[in-house]
Amino acid sequence: MKIVVFFSGTGTNLKSILDHQNKYGYEVCACFTNNPKAEGLIFCQEYGVNCKIIDHKDFDDREEYDGLINSFLENLNPDLIVLAGYMRIMSKPLIDNWEGQIINIHPSLLPKYPGLCTHQRALKAKDNVHGSTIHYVTSELDAGPIIRQESFNIEPSDTKESLIDKVKNLEHKIYPETISSLIK
Ligand code: GRF
């Protein structure tokens, strides 16, 4: 089973997905990033996985940019497209072309806090729980059907930074597990 992982930043979820390939029987056949400076590129090098880099800043037109992504995906024909901290909105034609095959992980208990700054928003609202959600990608931002959601209690001592760490620790476990469950 072949998967492609999209990322934009630190790529710790990418690393965890790569680490679990043998255990869960999927293969990361390639990666994609919009950010030539993404720290996660180091993991592609370490694991010998090809990463296609197309800087979105070189494009004014989102559909033209996403057309290149579509060609990249059509050449690979992956079973699953895994967004792991990919910080670009995908256009409807691209999403429609791969309907049901694109998943995302979002650092909140959706439908709470779609979009950015989820940890700060949970703290500001004095929430008792926080967590992460894996969902199918549709053209409505962070609103596709939920596949899996896991939560933990927010402690009085928690800060934005501690919540980021707690969410990521959770994600590093549940994302590879969910990928494995979807491709079997
Ligand atoms: C994760 O918390 C994920 O939920 C969100 O972006 C973050 C990516 O972190 N979509 P990393 O790049 O995998 O370290």
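Both backbone and side-chain heavy atoms feed into the values below; hydrogens, waters and symmetry mates do not. Read the numbers this way: they start at 1 and go in the same order the structure lists the ligands and their atoms.
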Would you say that K112 contacts T118 through its side chain, given a criterion of any heavy-atom pair below 4.5 Å between the two side chains? no

Among the clusters formed by ILVMFWY side chains lying less than 4.5 Å apart, do Y175 and V4 turn up in the same one? no

Distance from T133 atom OG1 to Q149 atom CD, nearest 0.5 Å? 3.5 Å

Do we see a donor-acceptor contact under 3.5 Å between the side chains of S132 and H106? no

Tell me every residue that passes side-chain contact (heavy atoms from CB on, under 4.5 Å) with E39, counting only those two or more places apart in sequence or in another chain. T10

Which label fits F59 and Y65: parallel for a plane angle under 30°, tilted from 30 to 60°, or perpendicular past 60°? perpendicular

I need the contact residues for ligand 1: any residue with a non-hydrogen atom closer than 4.0 Å to the ligand, ordered by chain then number. T10, G11, T12, N13, G85, I105, H106, P107, K168, E171

